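Note that the structure is a prediction, hence the values are computed from the model and not measured. Residue numbering restarts at 1 for every chain, and letters A, B, ... go by the order of the sequence lines.
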Amino acid sequence: MERRIRLRHTNDVRRVYEEGQSWPHPLLVLVARPNGLDFTRVGVTASRSVGKAVARNRAKRLLREAARRLYPQFGAGWDVMLIARPRILEVKEPQVEKALAALLKRAGLSM
RNA sequence: CAGGUCGGCCAGGCGGUCGCGCCUCGCGACUCCGGAUCCUUCAAGAAUGGGGCGCGGGGUGAGGAAAGUCCGGGCUCCACAGGGCACGGUGCUGGGUAACACCCAGGCGGGGUAACCCGACGGAAAAGGGCCACAGAAAAGCAGACAGCCGGGGCAGCCUAGGCCGCCCCGGUGAUGGUGAAAAGGUGGUGUAAGAGACCACCGGCGCUCGUGGUGACACGGGCGGCCAGGCAACCCCCACCGGGAGCAAGGCCAAGCAGGGGCGAGACCGUUCCCAUCGGGUCUGAGACCCGACGGGGAACAGGCGCGGGGCGGCCCGUCCCGUCCGAGCCCCGGGUAGGCCGCUAGAGGCGGCGGGCAACCGCCGUCCCAGAUAGAUGACCGCCCACGACAGAACCCGGCUUAUCGGCCGGCCUGGGUG
RNA sequence: UGGGGGAUCGUCUAACGGCAGGACAGCGGACUCUGGAUCCGUAAGUCGAGGUUCGAAUCCUCGUCCCCCAG
């Protein structure tokens, strides 16, 4: 996933958390907010509760891969945070992809 | 072959499709820097070059523990007259090392049939203090009589009048019992009223001393001595050695942005010079001016002294250096702004191979190789095949160790037992 | 990432190296018509594993978890 479309700065992330709307799923949580740009930015995160460093890296990789594959389906002009939950480690990538697609549909972000 | 023990190595592999970080090469009519030129300024702005971005090609990309952060160094910033006292660490000996709490070799002690493994392993005997609960008569320096044993005395009882037994008092005794983690050498004898290192023999241990071997820890042997000396220094302590403080969020640069306010705070010291007013004297015709002197008053400048305040010298004291002393050093509190980029950032006590030195850890020389540098953090997803199902686990300034976690596999040395030749 | 601190009944909090105590909450009982208050009784704990020591919550080592501070 290219860095240009990644959500990387603390202020941006905090703005999404404060002003955005969230949609939960057993594997992950999606938080989104319009950003006023003509493209969408995506950030991923995994907290201590997911596991140790290896587990957190694995969780973030799964989220990034799913977002990369589904990026063409994203509507333009959103800042999106994907938050990993512990059970994401139990599944393989396609299931994460399905979960993310379902969340996009519920949130009205997919086109 | 089985069991054991020690050491080394590996950490799923191969192929395909999509994807990521970094480096590098090429292309670009995009963009930023740069600035010749022009010019009062603003503005405009060529070339070489650099950065970014886009596209394409090539290379490269986590660990043995990357972990815990328990030690030791490098590096960076701060501080670097010195002395004393504290504080912390290490603790058999010799060596290795940049250094270490690590490693190697050796000694001593303990475990194992053995290979081999384990050990915070200086000093408790002479520097000193402290503690040793409960139990027990007594718990630490020439200790301690509860029962017991023995002697003497008194009283009462029995009987064959010599003893026996009971109670009480005085004394001896650390051999016996009991308590305890621990009761102040062991065995055998002499001795005695009963006993006791009281004495003797042997053994153990201790101190002094001599000799031999060893760099040394220490080992072996001889002589003398007193008869024997409890444990705990992961309690204080003593001895020897070592130790500045903080940490890459160190530290530096660029850009952007804001707003300051309040409180506390040490001499209104002394000295020198000058000025002003005051007083005294003198000169000039007078108001007054000028000159000389005086002490106290006010003001300015200056360097110094003492005092005071603050800071540094890791903590404290001495000492020392710096700053300040009312135009005020510094300290404290409240409030405001920033969350962007670049450097540090990876070539190093570096890996591999060879030769040489050393028992070894390791060291020296030569050759050769370049091996992550991210910044919400790069290795993933899917498919096929094989071994037969893949554990613990993710670099964040860099190294050397230690400790902890871990599915398994391969290789080698050695020991024990069995079989065969 | 680096630095610092801590862990004792369910909660809060004591304990020179010598039997782990107190308060609140809980449970049982008494008092009351019932509840509250009060009184009596009761159970429950040293984060885990080793070591030093006769003896460890305390001293030492390793591990686990939690909290705090750094631009």
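- For the segment residues 77-93 of chain A, residues with any heavy atom less than 4.0 angstrom from an atom of RNA chain B are, sorted by number, A:K92, A:E93.
- Across every strand in view, B:A246 sits in a pair with B:U76 that passes the Watson-Crick or G-U test at under 3.5 angstrom.
- The CZ-P distance, from A:R41 to B:A376, rounds to 13 Å in whole Å.
- Nucleotide B:A294 forms a pair with B:U278, judged by Watson-Crick or G-U wobble geometry with both contacts under 3.5 Å.
- In the set B:C382, B:G394, B:G380, the nucleotide with an atom closest to the side chain of A:E65 is B:G380.
- Regarding A:Y17, its OH atom lies at a distance of 19 Å from the P atom of B:A339, rounded to whole Å.
- The side chain of A:R61 approaches B:G380 more closely than any other nucleotide in the set B:A376, B:A393, B:G380.
- Between B:G94 and B:C100, the distance separating the two P atoms is 15 Å to the nearest Å.
- Nucleotides B:C313 and B:G245 place their P atoms 12 Å apart, quoted to the nearest Å.
- B:G64: glycosidic angle within 90° of 0, hence syn.
- With a cut-off of 3.5 Å on both pairing distances, B:U48 has no Watson-Crick or G-U wobble partner at all.
- Between A:A55 and A:L62, the residue anchored closer to the 5' end of RNA chain B is A:L62, taking for each the nucleotide with the nearest heavy atom.
- Placement of A:V54 and A:I88 in two distinct hydrophobic clusters is found when ILVMFWY residues are connected by side-chain heavy-atom separations under 4.5 Å, directly or transitively.
- Nearest heavy-atom pair, A:A32 versus A:W78, reported as atom, atom and distance to 0.1 Å: CB-CE3, 4.0 Å.
- Summarising the geometry, the separation between NZ on A:K60 and P on B:G21 is reported as 16 Å, rounded to the nearest angstrom.
- Of all non-hydrogen atoms in A:L103 and A:H25, the two that sit nearest each other are CD1-CB, 3.8 Å.
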Kindly determine whether A:L104 and A:L30 satisfy side-chain contact (heavy atoms from CB on, under 4.5 Å), including the steps that lead there. CA-CA 8 Å; A:L104 289 175; A:L30 178 145; 3.9 Å; yes
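- With P as the reference atom, B:A303 and B:C323 are 13 Å apart, rounded to whole Å.
- Distance CZ (A:R56) to P (B:G380): 17 Å, rounded to an integer number of Å.
- Here the separation of B:C389 from B:G12, taken at their C1' atoms, is 10 Å to the nearest Å.
- Closest heavy-atom contact between A:A67 and A:L82: CB-CD1, 4.1 Å.
- The side chain of A:R64 lies closest to B:A378, out of B:C382, B:A378, B:G394.
- Nucleotide B:A62 is shown with a syn base, its glycosidic torsion being within 90° of 0.
- B:C371 adopts a syn glycosidic conformation, its chi angle falling within 90° of 0.
- Under the 4.5 Å side-chain criterion, counting only non-hydrogen atoms from C-beta, A:R85 is not in contact with A:S47.
- Of the P atoms belonging to B:C104 and B:A120, the separation is 15 Å, rounded to the nearest Å.
- Remark: C:G10 base-pairs with C:C24; criterion is Watson-Crick or G-U wobble with both hydrogen-bond distances under 3.5 Å.
- Searching all strands for a Watson-Crick or G-U wobble partner of B:U272 with both distances below 3.5 Å returns B:A301.
- Atom C1' of B:C242 sits at a distance of 44 Å from the matching atom of B:C306, rounded to the whole Å.
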Is there a side-chain contact (heavy atoms from CB on, under 4.5 Å) between A:T45 and A:M81? Walk through the geometry before answering. CA-CA 8 Å; A:T45 183; A:M81 282 302 295; 4.0 Å; yes
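- Taking atom C1' on both nucleotides, B:G107 is separated from B:A99 by 26 Å, rounded to a whole Å.
- Comparing B:A11 with B:G63, their P atoms sit 8 Å apart, to the nearest whole Å.
- Heavy-atom nearest nucleotides on RNA chain B were determined for A:E97 and for A:V44, and the one closer to the 5' end corresponds to A:V44.
- Counting heavy atoms from C-beta outward, A:Y71 and A:T40 have side chains that approach closer than 4.5 Å.
- Between the C1' atom of B:A66 and the CG atom of A:N57 lies a distance of 12 Å, rounded to the nearest Å.
- In this structure B:C389 sits in no base pair that meets the Watson-Crick or G-U test at under 3.5 Å.
- Among the nucleotides B:A395, B:C18, B:A376, the one closest to the side chain of A:T45 is B:A376.
- Within residues 20-30 of chain A, no residue has a heavy atom under 4.0 Å from RNA chain B.
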Report the C-alpha separation of A:V80 and A:V16 in whole Å, then their side-chain angles, then the decisive distance to 0.1 Å, and conclude whether the side-chain contact (heavy atoms from CB on, under 4.5 Å) test is met. CA-CA 7 Å; A:V80 176; A:V16 171; over 6 Å; no
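- Taking the O4'-C1'-N9-C4 or O4'-C1'-N1-C2 dihedral as appropriate, B:G197 has a value within 90° of 0 and is therefore syn.
- Using N1 to N3 plus N6-O4 or O6-N4 for Watson-Crick, or N1-O2 and O6-N3 for G-U wobble, each under 3.5 Å, B:C227 pairs with nothing.
- The base-pairing partner of B:G28, taking Watson-Crick or G-U wobble contacts with both distances under 3.5 Å, is B:C53.
- Contact check on A:E65 versus A:R69 returns a salt bridge, with a Lys/Arg side-chain nitrogen under 4.0 Å from an Asp/Glu carboxylate oxygen.
- Looking at A:Q21 and A:V31, their side chains never come closer than 4.5 Å, going by heavy atoms from C-beta outward.
- Summarising the geometry, the separation between CZ on A:R69 and C1' on B:C20 is reported as 14 Å, rounded to the nearest angstrom.
- Here the shortest heavy-atom pairing between A:A66 and A:V96 reads CB-CG1, 3.9 Å.
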